[in-house]
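Computed from heavy atoms alone, side chains included, the values below leave out hydrogens, waters and symmetry copies. Convention: sequence-line order gives letters A, B, ...; per-chain numbering from 1.
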Amino acid sequence: MALQEYNKKRDFSKTTEPYGEEAPDAGEWRFVVQRHDARKLHFDLRLEMDGVLKSWAVPKGPSLNPSDKRLAVHTEDHPLKYLHFQGTIPKGNYGAGEMTIWDTGSYSLSQGQQKSIQDLYKKGDLKLTFYGTKLRGDFALVKTHYQNKQNQWLLIKKEDDYSIDLDYDANLHLGENAPSAGKKSPLEVSPKRQVSPMLASRDKAIDIGTLKKGWLFEFKWDGYRILCNHEDSNTSLYSRNGISYTDLFTPITDSLSQLSFSAIIDGEVVSLNKNGLPQFQWLQHYREEPKGDLVYMVFDLLYLDGHSLTHMPLTERKELLRSLVEDLPHIRYSEHFTNGKGLYQEVLAEGGEGVIAKKADAAYHPGIRTESWLKFKPRESLEALICGYTASESRPFGSLILGLQNEGVLTYIGNCGTGFSHKRQKELLERFQALRIDSSPFLGKINLAGKQPIWMNPVLMAEVHYAEWTDSGRLRQPVFKALRQDKTPFELHIHSDTQSESSDRSDKQPGSAPGEENSLQLDGINVPISNLEKIYWPKEGIQKYDLIEYYLSIADILLPYLKGRPQNLHRHPEGIEKEGFYQKDTPDSFPKWIKTTAIYSESSDKQIDYMLCQDEATLIYMANLGCIEINPWHSKMGNLDRPDYMVIDIDPSPKNSFGEVVEVAQSFHEFLKSIGIEGYCKTSGSSGLHIYLPLDAQYTYEEARDFCKLICTMVQQNLPSLTTLERRIKSRGDRIYLDYLQNRPGQTIAAAYCVRPQPGAPVSTPLLWKEINSKLDKNDFTIYTINDRIKKHKDLFKGVLGKGIDIESALEKFPD
DNA sequence: GGGAAGC
DNA sequence: GCTTCCCAACGCTTG
DNA sequence: CAAGCG
Ligand SMILES: [Mn+2]
Ligand SMILES: [Mn+2]
């Protein structure tokens, strides 16, 4: 490639919109790794970011082995066109030599990343997930801390399903999957696995009229992008994120189940009004109120009768598709046209969404945003932060107050008062309540033309369509489309066979409109999930979604500590700032698959059905009920009066520092060591610490409690002014309460790995004794950090359910 | 969070 | 049809 | 006994 052309393209890249529709927030961007046989062979890693390709030269190439730290030297930004470039750079030019595409695909920030990619990039601490052919899974791309080596970064594979233990040499992996001359062979698909759809890109610089030969044009349907896998008697519909729509859109499922061949179909489900125009809002409320003609507009066929078709040209796939779905009810073949300009004008006149242009000979690359498909639409859209709303007498609220984060400053971009039904407004208003704040989140004063603002913590995002920007930086004719569903769907954690883990907010997608009844298939049970986006931690904007995601991720480790134990549910259905309540009895309205055990209650003279958390399904059902915290008994069914462990509950007064708590725990550790006991310590998740001693159900609660009291007495004597055994709060003063009374039947303590209804969503986290020092920060352990910690330390509480201590021989070692 | 009662 | 209400714990310790 | 406590 000549420098001249490079420069030309570079100028072009500067002219692209700084805030385009896709680039800033889609959460998934493209990457390429080029093998560059220049003076010295190296690999160039390029990541799409802010409209350019951030680039690193990796001398040894990427490795899939986590123990390799590959040096990556940050080089200058390259224009986006480099995503597809391979060829020979002539001698005499910079970087002369052969350049081939080694791998390409998309990437996103890894799970649990809170900051924007721009911030993390600036910090030099990128945790990325790649969806390429060779580069797959999680990587860290981090700046080294050498101050005189500013541009030296390291590319390190993280331990996951794609990492390997063997040596890895990128130069030996040029295999058949390597794309050659711009023709990357597409992934094969199978109806046994979900497929991520190919996505269209958008380039406002292109005039649809200039696309002629080799392009065809389809309606851009305003509905849900849905794929269908059909094989034998199995027919399933699912969204881009893998959420199942098989049951919701039964007319379509039933119709496609009649197919006589196995197939994978791509299309858009729409709800049509009498004039045949798709009504997106009707579709959003299809579950509660089916309305309009439900039609699956199918436009691609990826698999037929045992063969993957992804490599075939589009026109051939569509021909097969047309004959396949002929005459099926609720299924319509999406025709294509050759006059793009004409179709576009027609669509505009009818108020349609837009037009998709497709290269007639293009293959189908699952999960890739392709330039072989281009979307054209008259209106812009973006994701804006909802910063508040205006009051109204006639409606639930007047309009949304919208803002964007602009270089760290929240900027007002206008109000939006249309696009929601009365019903939708009420749902939104309810969701807004938890986020209300007293003063404006904007720095300056906002002119709202006298309307009364109600301010909100700006964490919710709305997809808004608009005509253009005004000169003063406001949206013209904004219309609310949907609340953003910006999270990775759980389904992907369960069926790890889908590719894309991120969502594209510019393509509308189903998933979690409020009031929509979701469910999650776990342990063969359809677990009902409601109000996923309900905010449980208003300050942080953490949703029920995040809680469930955490519990899904920790279930395997957590469940052994819950199985067989009656529980006291502690529920916070309205979030942590509203009062929660305890619930012991399991009402009849709970599903019958929930296991319970009946225990007689003296006070109410009746049997109480205590819930047992035996499996992931119950765990998630509990989370859905607002059980942020989990409170199991210390003893199990079958041996209810003999606890499996003894608990030393270290409870500081509000006046004690955490450092003092640590000091007390250290004192316990010393004493326990002196009587030959190891003990296991965890954060309570709140302000204290818990020390567990394994008992293996060998002693009664009373024996455990007496032994605990003895130990606490020793420590209290050792630290008389810092600790107390006083049960009355008033008598404790500002001392730390050593609560041995927790060792009683029916008494509970927040389980290891459970979340606490406290600021920051802390997790009760098992620790190494050596971590219990003045540097310990209990705020380090939250739903966002525990999984990394477990990768490193595994389950530090394993011993709690292991071999029990011998109280008698420990007592012999007591002083005096 | 959800069901029942009340307006 | 929509809003509000109401419910969802216990048992041991201590004074 | 009622109130306190987790
Ligand atoms: Mn290079
Ligand atoms: Mn405690």
Side-chain angles (χ1 to χ4, degrees), chain A residues 288-289 396 422-423 425-427 429-431 433-434 514-515 517-519 527-536 543-544 547-548 566-576 578-591 594 596 598-611 620-635 640-641 647-653 684-688 690 700-702 704-706 708-709 724-732 736-751 756-757 764:
Chain A
E288 310 99 73
E289 192 187 0
H422 184 79
K423 180 174 176 176
Q425 271 202 308
K426 278 198 309 191
E427 291 166 352
L429 186 64
E430 194 181 326
R431 176 148 343 145
Q433 294 318 301
E517 280 304 311
N518 285 304
S519 71
V527 183
I529 307 283
S530 57
N531 298 319
L532 264 183
E533 302 198 352
K534 182 150 202 167
I535 301 215
Y536 274 2
Q543 300 169 334
K544 187 201 269 191
L547 180 75
I548 290 182
Q567 303 183 98
N568 300 349
L569 302 194
H570 188 192
R571 297 176 52 189
H572 285 87
E574 302 297 335
I576 67 160
K578 294 276 159 50
E579 210 167 322
F581 57 87
Y582 285 86
Q583 181 172 2
K584 292 190 177 179
D585 204 8
T586 305
D588 296 337
S589 58
F590 282 19
I594 302 252
T596 62
I599 296 173
Y600 176 73
S601 156
E602 198 128 338
S603 69
S604 49
D605 184 31
K606 62 162 190 183
Q607 295 289 113
I608 288 183
D609 290 318
Y610 283 85
M611 193 185 282
I620 298 311
Y621 185 81
M622 285 166 53
N624 187 56
L625 288 174
C627 296
I628 294 173
E629 178 179 293
I630 300 179
N631 288 281
W633 285 27
H634 308 322
S635 52
L640 274 182
D641 47 11
V647 179
I648 302 168
D649 181 16
I650 306 174
D651 281 340
S653 79
S684 73
S686 185
S687 50
H690 298 152
T700 63
Y701 271 104
E702 199 178 350
R705 188 237 275 148
D706 291 346
C708 187
K709 185 175 183 182
T724 173
L725 302 185
E726 274 292 344
R727 186 165 161 80
R728 303 200 95 217
I729 292 176
K730 277 185 184 153
S731 319
R732 287 181 204 163
I736 294 175
Y737 177 46
L738 309 180
D739 187 1
Y740 59 90
L741 288 169
Q742 288 287 6
N743 298 286
R744 292 186 315 195
Q747 189 65 284
T748 62
I749 216 160
R756 302 299 301 274
S764 178

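Atom CD of A/Gln607 sits in a crowded spot, with more than 12 heavy atoms from other residues, nucleotides or ligands closer than 6.0 Å. Atom NZ of A/Lys709 is surrounded by 12 or fewer heavy atoms from other residues, nucleotides or ligands within 6.0 Å. Residue A/Gln433 places its CD atom among more than 12 non-hydrogen atoms of other residues, nucleotides or ligands, all under 6.0 Å distant.
For A/His634 and C/dC12, the NE2 to P distance is 14 Å, given to the nearest whole Å. Rounded to a whole Å, the CG atom of A/Asp739 is 18 Å from the P atom of D/dG4. Counting to the nearest Å, the C1' atom of D/dG6 and the NE2 atom of A/His690 are 10 Å from each other. Rounded to an integer number of Å, the gap from CD1 of A/Ile599 to P of C/dG11 is 10 Å.
Counting any heavy atom pair closer than 4.0 Å across all strands shown, A/Ile608 reaches sugar-phosphate atoms only and no base atom. Within 4.0 Å of A/Lys534, counting heavy atoms only, lie sugar-phosphate atoms of the nucleic acid but no base atom. Here A/Glu574 lies in heavy-atom contact (under 4.0 Å) with a base. The residue A/Thr748 sits apart from the nucleic acid: no heavy atom pair falls under 4.0 Å. Counting any heavy atom pair closer than 4.0 Å across all strands shown, A/Leu569 reaches no nucleic acid atom.
Side-chain N/O atoms of A/Ser603 include none lying less than 4.0 angstrom from OP1 or OP2 on C/dA9. Between A/Ser601 and the phosphate of C/dG11, there is a side-chain N or O to OP1/OP2 separation shorter than 4.0 Å. Between A/Asn531 and B/dG1, a side-chain N or O to OP1/OP2 separation shorter than 4.0 Å is present.
In this structure, of C/dG11, D/dG6, B/dG1, it is D/dG6 that holds the atom nearest to the side chain of A/Ile729. Here the side chain of A/Arg732 is nearest to one of D/dC5, C/dC10, B/dG1, namely D/dC5. In the set C/dC10, B/dG2, D/dG6, C/dC10 carries the atom at the smallest distance from any side-chain atom of A/Lys606.
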Just the table, please: protein N/O against nucleotides 13-15 of chain C N/O, every pair under 3.5 Å.
| from | atom 1 | to | atom 2 | distance (Å) |
| --- | --- | --- | --- | --- |
| C/dT13 | OP1 | A/Arg705 | NH2 | 2.8 |

Under 3.5 Å, N/O pairs linking protein and nucleotides 3-5 of chain C:
none

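Taking a 4.0 Å limit (strictly below) on heavy-atom distances, residues 579-587 of chain A does not reach DNA chain B anywhere.
Taking each heavy atom of A/Met622 and A/Leu569 in turn, the nearest pair found is CE-CD2, 4.1 Å. When every heavy atom of A/Ser764 is checked against every heavy atom of A/Ser684, the shortest pair comes out as CB-O, 3.5 Å. A/Arg571 and A/Cys627 make their closest contact through CG-SG, 3.7 Å (heavy atoms, listed as atom of the first residue, atom of the second, distance).
With rounding to the nearest 0.5 angstrom, the CG atom of A/Asp585 is 10.0 Å from the CE atom of A/Met611. For the atom pair CG of A/Asn568 and CD of A/Gln747, the computed distance is 8.0 Å after rounding to the nearest 0.5 Å. Between the NZ atom of A/Lys534 and the CZ atom of A/Arg431 there is a distance of 9.5 Å, given to the nearest 0.5 Å.
Atom name C1', nucleotides C/dC10 and B/dG2: the rounded distance is 23 Å, in whole Å. D/dC5 and C/dA9: their P atoms are spaced 23 Å apart (whole Å).
Between A/Leu725 and the choices A/Leu741, A/Asp739, A/Leu738, the side chain to side chain contact (heavy atoms under 4.5 Å, CB included) rule is met once, by A/Leu738. Checked against A/Gln742 for a side-chain hydrogen bond (donor to acceptor under 3.5 Å, both in side chains), the options A/Asp649, A/Asp651, A/Thr748 give a single hit: A/Asp649.
Between the side chains of A/Tyr600 and A/Asp605, a donor-acceptor pair is found at a separation under 3.5 Å.
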